[in-house]
Amino acid sequence: QLVESGGDLVQAGGSLRLSCAASGFTLDSYAIGWFRQAPGKEREGVSCISSSGRTKYYADSVMGRFTISRDNAKNTVYLQMNSRQAADTAVYYCVGNRIDVQAMCTRASDYWGPGTQVSVSS
């Protein structure tokens, strides 16, 4: 089971870090992806990271603002969100899979989770 945390309400331009922690299994053999869904919009693959952490994928909408990282020793993957925009408001959720990170992140409709709410006020 993956558990997301860190969601909050922040002002535009602010920063926030989300965490995705594994419970009951180890993350180190899985690629992990962060996805989001905003009201009335399709699910979007935000960022995905390979099991080793060497390969990362970012959606164009967050490139240069968000950073994905992982600490396999802590069994956790992080999403650092900087320069937040109102368009970043969504439920963010993480998913694990054993596939290529680009393939994973571009198939957002295949994945869903309870997630954590992130809201940005302008």
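Positions are given from 1 along the sequence.
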Using every non-hydrogen atom in the two residues, find where T89 and Q117 come nearest and quote the distance to one decimal. CG2-NE2, 4.1 Å
Measure from the side-chain N and O atoms of Q102 to the backbone N and O of T106, and report whether any donor-acceptor pair falls under 3.5 Å. no
Under a single-linkage definition using a 4.5 Å side-chain heavy-atom cutoff for Ile, Leu, Val, Met, Phe, Trp and Tyr, are V62 and V77 assigned to the same hydrophobic cluster? yes
Please evaluate residues C48 and Y58 with respect to the criterion side chain to side chain contact (heavy atoms under 4.5 Å, CB included), reporting the C-alpha separation (whole Å), side-chain torsions for both, the decisive distance (0.1 Å), and the verdict. CA-CA 7 Å; C48 295; Y58 294 97; over 6 Å; no
Taking the six-membered ring where the residue is Trp, are the ring centres of Y111 and Y93 under 6.0 Å apart? no
Please find the pair of heavy atoms, one from K56 and one from G53, that lie closest to each other, and give the distance. CE-O, 3.5 Å
May I ask you to decide if F25's main-chain N or O and N75's side chain share a donor-acceptor pair within less than 3.5 Å? yes
Would you say the side chains of N82 and R84 form a donor-acceptor pair under 3.5 Å? no
Any side-chain to backbone donor/acceptor pair from R36 onto V118? Under 3.5 Å, distance only. no
Are the side chains of S15 and V10 in touch, meaning some heavy atoms are under 4.5 Å apart? no
For the atom pair NZ (K74) and OG (S19), what is the distance rounded to the nearest 0.5 Å? 9.5 Å
In terms of hydrophobic clusters joined by side-chain contacts under 4.5 Å, are V95 and Y92 together? no
Any chance you could measure D71, atom CG, to D28, atom CG, to the nearest 0.5 Å? 11.5 Å
Shortest non-hydrogen pair, S51 vs S29, comes out as CB-C, 3.8 Å
Yes or no on side chain to side chain contact (heavy atoms under 4.5 Å, CB included) for L79 and F66, after CA distance, side-chain angles and deciding distance? CA-CA 7 Å; L79 184 69; F66 290 11; 4.2 Å; yes
I would like to know whether R70 and I32 meet side chain to side chain contact (heavy atoms under 4.5 Å, CB included); could you show each step before the answer? CA-CA 9 Å; R70 67 190 300 155; I32 301 296; 4.0 Å; yes
Measure the CD1-SG distance between I68 and C94 for me, rounded to the nearest 0.5 Å. 9.0 Å
If you round to the nearest 0.5 Å, how far is CH2 of W34 from CE of M104? 11.5 Å
How long is the gap from OG on S52 to CG on N72, to the nearest 0.5 Å? 8.5 Å
Any idea which heavy atoms bring V101 and T55 closest together, and the distance? CG2-CG2, 3.5 Å
Is R17 positioned over the aromatic face of Y78, cation under 6.0 angstrom from the ring centre and no more than 45 degrees off axis? yes
Using the rule that Ile, Leu, Val, Met, Phe, Trp and Tyr join whenever any side-chain heavy atoms are under 4.5 Å apart, tell me whether M63 and F35 fall into a single cluster. no
Strictly distance-based, threshold 3.5 Å: is any side-chain N or O of Y30 a donor or acceptor partner for the main-chain N or O of T26? no
Non-hydrogen atoms of C105 and S47 that approach each other most closely: SG-C, 3.3 Å
Which atom names give the shortest non-hydrogen contact between E44 and A59, and what distance separates them? OE2-CB, 3.8 Å
Have Q80 and S69 got a donor and an acceptor in their side chains that come within less than 3.5 Å? no
Between the side chains of D110 and R43, is the shortest nitrogen-to-carboxylate-oxygen separation below 4.0 Å, so that they form an ion pair? no
What is the distance from atom CG of L27 to atom CG of L2, rounded to the nearest 0.5 Å? 6.0 Å
Backbone N or O of G7 within a donor-acceptor pair of the T116 side chain at under 3.5 Å? yes
L18 and M81: CA distance, side-chain angles, deciding distance, side chain to side chain contact (heavy atoms under 4.5 Å, CB included) verdict: CA-CA 8 Å; L18 304 182; M81 309 166 70; 3.7 Å; yes
